[in-house]
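One structure is given here, and the rest of the page talks about it.
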2 protein chains.
Amino acid sequence: MDANAGKLDLKKKFQEFGQKYTAQRQAVFDIMLEHNELHMSSEEIHARLKQMHPGIGVATVYRTLQLFDKMQIIRKTGLEDGFTRYELNDQNQHAHHHLICNSCGNVINMEDDLLDELEEQIYIKMGFTVHNHNLKFYGLCKNCV
Amino acid sequence: MDANAGKLDLKKKFQEFGQKYTAQRQAVFDIMLEHNELHMSSEEIHARLKQMHPGIGVATVYRTLQLFDKMQIIRKTGLEDGFTRYELNDQNQHAHHHLICNSCGNVINMEDDLLDELEEQIYIKMGFTVHNHNLKFYGLCKNCV
DNA sequence: ATCAATGCAAAGATTTTGCATCAAG
DNA sequence: CTTGATGCAAAATCTTTGCATTGAT
(Lines give C-alpha, C1' and ligand atoms only; values in the text may rest on other atoms or scores of the structure.)
Protein backbone atom coordinates (compact mmCIF):
# COMPACT_ATOMS: atom_id res chain seq x y z
CA MET A 1 0.00 0.00 0.00
CA ASP A 2 1.23 3.50 -0.89
CA ALA A 3 1.97 5.53 2.21
CA ASN A 4 0.57 8.61 0.53
CA ALA A 5 -2.60 6.95 -0.67
CA GLY A 6 -4.78 8.62 1.97
CA LYS A 7 -3.33 12.07 1.33
CA LEU A 8 -3.68 11.88 -2.42
CA ASP A 9 -7.28 10.68 -2.23
CA LEU A 10 -8.22 13.45 0.12
CA LYS A 11 -6.57 16.26 -1.85
CA LYS A 12 -8.37 15.18 -4.98
CA LYS A 13 -11.69 14.92 -3.19
CA PHE A 14 -11.30 18.46 -1.89
CA GLN A 15 -10.60 19.76 -5.38
CA GLU A 16 -13.76 18.10 -6.64
CA PHE A 17 -15.70 19.84 -3.88
CA GLY A 18 -14.02 23.20 -4.52
CA GLN A 19 -12.50 23.10 -1.05
CA LYS A 20 -8.99 23.92 0.04
CA TYR A 21 -6.67 21.16 1.14
CA THR A 22 -5.18 22.11 4.51
CA ALA A 23 -2.92 20.49 7.07
CA GLN A 24 -5.71 20.62 9.66
CA ARG A 25 -8.19 18.81 7.46
CA GLN A 26 -5.65 16.15 6.65
CA ALA A 27 -4.92 15.77 10.36
CA VAL A 28 -8.58 15.25 11.20
CA PHE A 29 -8.80 12.63 8.50
CA ASP A 30 -5.66 10.88 9.78
CA ILE A 31 -7.05 10.72 13.31
CA MET A 32 -10.33 9.31 12.04
CA LEU A 33 -8.46 6.68 10.06
CA GLU A 34 -6.29 5.72 12.97
CA HIS A 35 -8.98 5.51 15.65
CA ASN A 36 -12.08 4.82 13.60
CA GLU A 37 -13.33 2.02 15.81
CA LEU A 38 -13.60 4.39 18.78
CA HIS A 39 -16.59 6.27 17.36
CA MET A 40 -15.10 9.49 18.69
CA SER A 41 -16.95 12.66 19.58
CA SER A 42 -15.73 16.05 18.32
CA GLU A 43 -14.18 16.65 21.71
CA GLU A 44 -12.26 13.36 21.64
CA ILE A 45 -11.04 14.03 18.12
CA HIS A 46 -9.87 17.48 19.15
CA ALA A 47 -8.02 16.09 22.16
CA ARG A 48 -6.14 13.59 19.99
CA LEU A 49 -5.38 16.19 17.34
CA LYS A 50 -3.72 18.47 19.86
CA GLN A 51 -1.05 15.87 20.56
CA MET A 52 0.42 16.19 17.08
CA HIS A 53 -1.06 19.58 16.16
CA PRO A 54 -1.10 21.71 19.33
CA GLY A 55 -2.50 24.92 17.89
CA ILE A 56 -5.64 23.46 16.36
CA GLY A 57 -8.90 25.02 17.58
CA VAL A 58 -12.22 23.42 18.43
CA ALA A 59 -14.05 25.44 15.82
CA THR A 60 -11.86 24.01 13.10
CA VAL A 61 -12.62 20.49 14.26
CA TYR A 62 -16.36 21.12 14.31
CA ARG A 63 -16.26 22.81 10.91
CA THR A 64 -14.10 20.08 9.41
CA LEU A 65 -16.36 17.33 10.71
CA GLN A 66 -19.40 19.07 9.26
CA LEU A 67 -17.62 19.38 5.93
CA PHE A 68 -16.55 15.72 5.98
CA ASP A 69 -20.13 14.75 6.76
CA LYS A 70 -21.41 16.78 3.81
CA MET A 71 -18.71 15.25 1.59
CA GLN A 72 -19.76 11.81 2.84
CA ILE A 73 -16.25 11.08 4.07
CA ILE A 74 -17.62 10.38 7.54
CA ARG A 75 -21.05 9.79 9.01
CA LYS A 76 -22.69 10.28 12.38
CA THR A 77 -22.99 7.10 14.41
CA GLY A 78 -25.57 8.38 16.88
CA LEU A 79 -24.97 6.42 20.04
CA GLU A 80 -27.47 8.63 21.89
CA ASP A 81 -25.12 9.58 24.69
CA GLY A 82 -25.23 13.35 24.28
CA PHE A 83 -22.25 13.58 21.93
CA THR A 84 -22.31 13.56 18.17
CA ARG A 85 -20.03 10.71 17.22
CA TYR A 86 -18.42 10.01 13.89
CA GLU A 87 -16.87 7.21 11.89
CA LEU A 88 -15.47 6.89 8.41
CA ASN A 89 -18.01 6.24 5.72
CA ASP A 90 -17.08 3.47 3.33
CA GLN A 91 -18.54 4.83 0.14
CA ASN A 92 -18.31 1.54 -1.73
CA GLN A 93 -20.69 -0.33 0.51
CA HIS A 94 -23.49 0.17 2.95
CA ALA A 95 -22.62 0.83 6.55
CA HIS A 96 -21.74 -1.87 9.03
CA HIS A 97 -23.86 -2.30 12.14
CA HIS A 98 -23.25 -1.58 15.79
CA LEU A 99 -23.81 -3.95 18.65
CA ILE A 100 -24.15 -1.90 21.81
CA CYS A 101 -23.90 -3.72 25.12
CA ASN A 102 -26.41 -2.48 27.69
CA SER A 103 -24.19 -3.71 30.48
CA CYS A 104 -20.58 -2.72 29.72
CA GLY A 105 -21.39 -0.07 27.12
CA ASN A 106 -18.99 -1.48 24.56
CA VAL A 107 -19.72 -0.83 20.91
CA ILE A 108 -18.84 -3.70 18.60
CA ASN A 109 -18.78 -3.34 14.84
CA MET A 110 -20.43 -6.01 12.73
CA GLU A 111 -19.15 -5.89 9.19
CA ASP A 112 -21.79 -7.97 7.42
CA ASP A 113 -24.55 -5.91 5.92
CA LEU A 114 -27.29 -8.47 5.15
CA LEU A 115 -30.04 -5.92 4.58
CA ASP A 116 -30.24 -6.09 0.79
CA GLU A 117 -33.39 -8.16 0.82
CA LEU A 118 -35.09 -5.88 3.32
CA GLU A 119 -34.12 -2.82 1.31
CA GLU A 120 -35.64 -4.35 -1.79
CA GLN A 121 -38.89 -4.98 0.09
CA ILE A 122 -38.89 -1.36 1.24
CA TYR A 123 -38.72 -0.20 -2.35
CA ILE A 124 -41.52 -2.55 -3.41
CA LYS A 125 -43.82 -1.87 -0.47
CA MET A 126 -43.17 1.80 0.27
CA GLY A 127 -41.64 3.19 -2.92
CA PHE A 128 -38.66 4.37 -0.88
CA THR A 129 -35.21 4.10 -2.49
CA VAL A 130 -32.61 3.24 0.11
CA HIS A 131 -29.16 4.79 -0.24
CA ASN A 132 -27.75 3.83 3.12
CA HIS A 133 -28.72 2.72 6.60
CA ASN A 134 -27.77 2.94 10.23
CA LEU A 135 -28.52 -0.09 12.37
CA LYS A 136 -27.87 -0.46 16.06
CA PHE A 137 -28.56 -3.53 18.14
CA TYR A 138 -28.91 -3.21 21.90
CA GLY A 139 -28.39 -6.18 24.16
CA LEU A 140 -25.68 -8.10 25.99
CA CYS A 141 -22.26 -8.94 24.63
CA LYS A 142 -20.75 -12.35 25.24
CA ASN A 143 -18.76 -11.13 28.24
CA CYS A 144 -21.81 -9.70 29.98
CA VAL A 145 -24.40 -12.46 29.49
CA MET B 1 -61.46 0.58 24.02
CA ASP B 2 -61.66 2.01 27.53
CA ALA B 3 -61.07 5.75 27.54
CA ASN B 4 -59.11 5.44 30.78
CA ALA B 5 -56.94 2.58 29.63
CA GLY B 6 -53.86 4.76 29.16
CA LYS B 7 -54.20 6.43 32.54
CA LEU B 8 -54.71 3.22 34.44
CA ASP B 9 -51.74 1.53 32.80
CA LEU B 10 -49.48 4.43 33.58
CA LYS B 11 -50.49 4.78 37.22
CA LYS B 12 -49.83 1.11 37.81
CA LYS B 13 -46.48 1.28 36.04
CA PHE B 14 -45.41 4.16 38.27
CA GLN B 15 -46.35 2.23 41.38
CA GLU B 16 -44.22 -0.69 40.23
CA PHE B 17 -41.31 1.69 39.77
CA GLY B 18 -41.89 3.36 43.15
CA GLN B 19 -42.63 6.64 41.39
CA LYS B 20 -45.40 9.12 42.00
CA TYR B 21 -48.22 9.47 39.55
CA THR B 22 -48.58 13.18 38.70
CA ALA B 23 -50.68 15.25 36.32
CA GLN B 24 -47.53 16.43 34.52
CA ARG B 25 -46.29 12.91 33.86
CA GLN B 26 -49.68 11.86 32.59
CA ALA B 27 -49.73 14.94 30.33
CA VAL B 28 -46.34 14.10 28.82
CA PHE B 29 -47.54 10.59 28.15
CA ASP B 30 -50.76 11.86 26.54
CA ILE B 31 -48.83 14.16 24.22
CA MET B 32 -46.51 11.33 23.22
CA LEU B 33 -49.49 9.10 22.51
CA GLU B 34 -51.24 11.76 20.46
CA HIS B 35 -48.28 12.88 18.34
CA ASN B 36 -46.04 9.84 18.42
CA GLU B 37 -45.37 9.86 14.69
CA LEU B 38 -43.76 13.32 14.94
CA HIS B 39 -40.65 12.03 16.76
CA MET B 40 -40.72 15.15 18.89
CA SER B 41 -37.79 16.74 20.68
CA SER B 42 -38.05 17.77 24.33
CA GLU B 43 -38.61 21.33 23.22
CA GLU B 44 -41.48 20.39 20.90
CA ILE B 45 -43.09 18.26 23.60
CA HIS B 46 -42.83 21.13 26.04
CA ALA B 47 -44.39 23.55 23.55
CA ARG B 48 -47.39 21.27 23.02
CA LEU B 49 -47.77 20.62 26.73
CA LYS B 50 -48.04 24.31 27.48
CA GLN B 51 -51.22 24.57 25.41
CA MET B 52 -53.18 22.43 27.87
CA HIS B 53 -50.91 22.78 30.88
CA PRO B 54 -49.51 26.35 30.85
CA GLY B 55 -47.43 26.25 34.01
CA ILE B 56 -45.33 23.21 33.16
CA GLY B 57 -41.58 23.82 33.22
CA VAL B 58 -38.85 22.59 30.87
CA ALA B 59 -37.02 20.82 33.65
CA THR B 60 -40.07 18.68 34.37
CA VAL B 61 -40.29 17.69 30.73
CA TYR B 62 -36.61 16.74 30.59
CA ARG B 63 -36.84 14.83 33.86
CA THR B 64 -40.02 13.07 32.83
CA LEU B 65 -38.58 12.03 29.49
CA GLN B 66 -35.47 10.65 31.20
CA LEU B 67 -37.68 8.72 33.58
CA PHE B 68 -39.85 7.37 30.77
CA ASP B 69 -36.72 6.30 28.95
CA LYS B 70 -35.46 4.46 32.03
CA MET B 71 -38.91 2.85 32.46
CA GLN B 72 -38.79 1.85 28.79
CA ILE B 73 -42.03 3.70 28.10
CA ILE B 74 -40.31 5.71 25.38
CA ARG B 75 -37.04 5.44 23.50
CA LYS B 76 -34.69 7.84 21.75
CA THR B 77 -35.08 7.86 17.98
CA GLY B 78 -31.79 9.57 17.21
CA LEU B 79 -32.39 11.40 13.98
CA GLU B 80 -28.98 13.11 14.31
CA ASP B 81 -30.30 16.64 13.96
CA GLY B 82 -29.00 18.04 17.22
CA PHE B 83 -32.12 17.27 19.22
CA THR B 84 -32.82 14.21 21.29
CA ARG B 85 -36.06 12.86 19.87
CA TYR B 86 -38.42 10.37 21.43
CA GLU B 87 -41.18 7.96 20.52
CA LEU B 88 -43.28 5.48 22.42
CA ASN B 89 -41.66 2.12 22.96
CA ASP B 90 -43.87 -0.86 22.20
CA GLN B 91 -42.68 -3.28 24.81
CA ASN B 92 -44.30 -6.31 23.22
CA GLN B 93 -42.27 -6.17 20.04
CA HIS B 94 -39.03 -4.90 18.61
CA ALA B 95 -38.93 -1.37 17.32
CA HIS B 96 -40.20 -0.37 13.92
CA HIS B 97 -37.81 1.23 11.45
CA HIS B 98 -37.45 4.74 10.12
CA LEU B 99 -37.20 5.74 6.49
CA ILE B 100 -35.60 9.18 6.36
CA CYS B 101 -35.83 11.08 3.08
CA ASN B 102 -32.62 12.91 2.21
CA SER B 103 -34.56 15.35 0.08
CA CYS B 104 -37.69 16.42 1.97
CA GLY B 105 -36.54 15.29 5.41
CA ASN B 106 -39.71 13.35 6.13
CA VAL B 107 -39.49 10.44 8.53
CA ILE B 108 -41.69 7.50 7.64
CA ASN B 109 -42.35 4.63 10.01
CA MET B 110 -42.11 1.10 8.72
CA GLU B 111 -43.91 -1.28 11.01
CA ASP B 112 -42.48 -4.60 9.82
CA ASP B 113 -39.51 -5.75 11.83
CA LEU B 114 -37.99 -8.52 9.69
CA LEU B 115 -34.70 -8.69 11.59
CA ASP B 116 -35.27 -11.92 13.50
CA GLU B 117 -33.05 -13.93 11.22
CA LEU B 118 -30.25 -11.37 11.38
CA GLU B 119 -30.48 -11.22 15.16
CA GLU B 120 -30.16 -14.98 15.33
CA GLN B 121 -27.04 -14.83 13.19
CA ILE B 122 -25.61 -12.17 15.48
CA TYR B 123 -26.03 -14.49 18.43
CA ILE B 124 -24.43 -17.40 16.59
CA LYS B 125 -21.52 -15.45 15.10
CA MET B 126 -20.76 -12.89 17.79
CA GLY B 127 -22.29 -14.31 20.97
CA PHE B 128 -24.27 -11.09 21.34
CA THR B 129 -27.84 -11.38 22.67
CA VAL B 130 -30.06 -8.79 21.02
CA HIS B 131 -32.80 -7.19 23.11
CA ASN B 132 -33.81 -4.45 20.71
CA HIS B 133 -32.65 -2.49 17.72
CA ASN B 134 -32.80 0.88 16.05
CA LEU B 135 -32.72 0.91 12.26
CA LYS B 136 -32.77 3.96 10.03
CA PHE B 137 -32.76 3.93 6.25
CA TYR B 138 -31.62 7.00 4.36
CA GLY B 139 -32.69 7.60 0.78
CA LEU B 140 -35.49 9.09 -1.28
CA CYS B 141 -39.19 8.75 -0.56
CA LYS B 142 -41.62 8.12 -3.43
CA ASN B 143 -42.48 11.81 -3.72
CA CYS B 144 -38.85 12.89 -4.10
CA VAL B 145 -37.48 10.30 -6.54
C1' DA C 1 -46.63 14.08 57.75
C1' DT C 2 -43.20 12.63 54.70
C1' DC C 3 -40.57 12.76 50.88
C1' DA C 4 -40.52 12.99 46.14
C1' DA C 5 -41.95 16.07 42.13
C1' DT C 6 -42.32 20.63 40.36
C1' DG C 7 -41.02 25.31 38.62
C1' DC C 8 -37.87 28.74 38.34
C1' DA C 9 -33.50 30.46 37.52
C1' DA C 10 -28.76 29.64 37.29
C1' DA C 11 -25.20 26.71 35.76
C1' DG C 12 -23.16 23.23 32.55
C1' DA C 13 -22.11 21.28 28.32
C1' DT C 14 -21.93 21.04 23.45
C1' DT C 15 -21.86 23.42 19.18
C1' DT C 16 -21.92 27.67 16.29
C1' DT C 17 -20.59 32.28 14.87
C1' DG C 18 -17.97 36.84 14.21
C1' DC C 19 -13.83 38.67 13.13
C1' DA C 20 -8.97 39.52 12.45
C1' DT C 21 -5.21 36.91 10.64
C1' DC C 22 -3.13 33.37 7.86
C1' DA C 23 -2.36 30.43 4.01
C1' DA C 24 -3.87 27.67 -0.30
C1' DG C 25 -4.72 28.07 -5.07
C1' DC D 1 -3.32 38.51 -5.03
C1' DT D 2 -7.86 36.65 -3.74
C1' DT D 3 -10.66 34.09 -1.27
C1' DG D 4 -11.50 30.77 1.79
C1' DA D 5 -9.67 28.48 6.25
C1' DT D 6 -8.10 29.07 10.89
C1' DG D 7 -7.99 30.32 15.94
C1' DC D 8 -9.74 32.74 19.48
C1' DA D 9 -13.38 34.31 22.20
C1' DA D 10 -18.08 35.28 22.59
C1' DA D 11 -22.65 33.69 21.78
C1' DA D 12 -26.20 30.47 21.04
C1' DT D 13 -28.34 25.91 22.08
C1' DC D 14 -29.72 22.15 24.48
C1' DT D 15 -29.81 19.97 28.92
C1' DT D 16 -29.00 19.51 33.89
C1' DT D 17 -28.95 21.04 38.65
C1' DG D 18 -29.98 23.60 43.19
C1' DC D 19 -33.41 25.05 46.00
C1' DA D 20 -37.75 26.58 47.88
C1' DT D 21 -42.45 25.17 47.34
C1' DT D 22 -46.11 22.09 46.14
C1' DG D 23 -48.49 17.85 46.01
C1' DA D 24 -48.96 12.57 46.06
C1' DT D 25 -49.11 8.72 49.10
Side-chain angles (χ1 to χ4, degrees), chain A residues 7-8 10-31 39-71 73-74 76-86, chain B residues 7-8 10-31 39-71 73-74 76-86:
Chain A
K7 293 199 183 189
L8 294 172
L10 202 58
K11 196 162 186 176
K12 194 175 149 201
K13 216 168 186 344
F14 277 126
Q15 285 170 346
E16 289 167 10
F17 262 76
Q19 294 284 337
K20 288 180 178 169
Y21 173 80
T22 69
Q24 290 88 336
R25 288 172 174 184
Q26 180 65 53
V28 172
F29 183 77
D30 291 345
I31 291 285
H39 308 102
M40 292 177 288
S41 64
S42 316
E43 194 189 351
E44 286 166 355
I45 293 167
H46 182 236
R48 285 181 189 278
L49 280 167
K50 289 215 289 192
Q51 293 173 13
M52 295 298 289
H53 218 284
I56 200 163
V58 231
T60 300
V61 176
Y62 278 98
R63 282 185 287 229
T64 302
L65 291 171
Q66 280 181 340
L67 176 64
F68 281 10
D69 191 34
K70 211 178 301 176
M71 291 170 75
I73 291 173
I74 60 175
K76 297 177 182 172
T77 51
L79 302 183
E80 311 306 332
D81 64 348
F83 301 88
T84 306
R85 296 180 173 279
Y86 297 91
Chain B
K7 294 199 180 184
L8 293 171
L10 202 58
K11 197 164 186 177
K12 193 174 149 201
K13 216 168 185 345
F14 277 126
Q15 285 171 346
E16 288 166 9
F17 261 76
Q19 294 284 335
K20 287 182 179 168
Y21 173 80
T22 70
Q24 289 90 335
R25 288 172 175 184
Q26 179 66 54
V28 172
F29 183 76
D30 291 344
I31 292 286
H39 308 100
M40 293 176 288
S41 65
S42 316
E43 196 188 348
E44 287 167 353
I45 292 166
H46 181 235
R48 285 181 189 277
L49 279 167
K50 288 215 287 191
Q51 293 173 13
M52 295 298 289
H53 217 285
I56 200 164
V58 234
T60 301
V61 176
Y62 278 98
R63 283 186 286 228
T64 302
L65 290 170
Q66 280 181 341
L67 175 64
F68 281 10
D69 191 34
K70 210 178 301 173
M71 291 171 75
I73 291 173
I74 60 175
K76 297 176 181 172
T77 51
L79 302 182
E80 311 307 331
D81 64 347
F83 300 87
T84 306
R85 295 180 174 278
Y86 298 92

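It should be emphasised that the depicted structure is a prediction, and the values quoted were computed from it without experimental measurement. In the text below, chain A, chain B and the rest are named by the order of the sequence lines, each starting its count at 1. For the numbers below, each heavy atom of this structure counts, side chains included, while hydrogens, waters and symmetry mates do not.
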Looking only at heavy atoms, what is the nearest atom pair of B/Asp69 and B/Ile74, with distance? OD1-O, 3.5 Å
Please give the angle, rounded to 10 degrees, between the axes at the start and the end of the helix from C/dA1-D/dT25 to C/dG25-D/dC1, where five pairs define each axis. 40°
Could you go through nucleotides 2-5 of chain D and list every protein N or O atom that sits under 3.5 Å from one of its N or O atoms, giving the distance for each pair?
{"from": "D/dT3", "atom 1": "O2", "to": "A/Lys20", "atom 2": "NZ", "distance (Å)": "2.9"}
{"from": "D/dG4", "atom 1": "O4'", "to": "A/Lys20", "atom 2": "NZ", "distance (Å)": "3.4"}
{"from": "D/dA5", "atom 1": "OP1", "to": "A/Gln19", "atom 2": "OE1", "distance (Å)": "2.5"}
{"from": "D/dA5", "atom 1": "OP1", "to": "A/Arg25", "atom 2": "NH1", "distance (Å)": "3.4"}
{"from": "D/dA5", "atom 1": "OP1", "to": "A/Arg25", "atom 2": "NH2", "distance (Å)": "3.4"}

Using a heavy-atom cut-off of 4.0 Å to chain A, what are the terminal contacting nucleotides of DNA chain C, in 5' to 3' order? C/dT14 to C/dG25
For the side chain of [X] and the backbone of [Y], is there at least one donor-acceptor N/O pair under 3.5 Å apart?
{"X": "B/Gln26", "Y": "B/Ala23", "result": "no"}
{"X": "B/Gln66", "Y": "B/Arg63", "result": "no"}
{"X": "A/His46", "Y": "A/Thr60", "result": "no"}

For the residue pair B/Gln15 / B/Tyr21, report whether a side-chain donor-acceptor contact shorter than 3.5 Å exists. no
What nucleic acid atoms does A/Gln15 come within less than 4.0 Å of, heavy atoms only: base, sugar-phosphate, or nothing? nothing
Quick check for you: among D/dC19, D/dG7, D/dC14, whose closest atom lies nearest to any side-chain atom of B/Arg63? D/dC19
First of B/Gly82 and B/Ala59 reached from the 5' end of DNA chain D, by closest nucleotide: B/Gly82
For B/Asp81, give me all partners under salt bridge (charged side-chain N to carboxylate O under 4.0 Å, His left out), at least two apart in sequence or on another chain. B/Arg85
Stretch residues 40-52 of chain B: residues that reach within less than 4.0 Å of DNA chain D through a heavy atom: B/Ser42, B/Glu43
Over 60° means perpendicular and under 30° means parallel, so tell me whether A/Phe14 and A/Phe68 are parallel, tilted or perpendicular. tilted
Once you round it to whole Å, what is the distance between C1' of D/dT15 and CG of B/Asp69? 14 Å
Test of understanding: with side chain to side chain donor-acceptor pair (under 3.5 Å), list the residues that count as partners of A/Gln19, not counting sequence neighbours. A/Arg25
For D/dA24, does either OP1 or OP2 sit under 4.0 Å from a side-chain N or O belonging to B/Tyr21? no
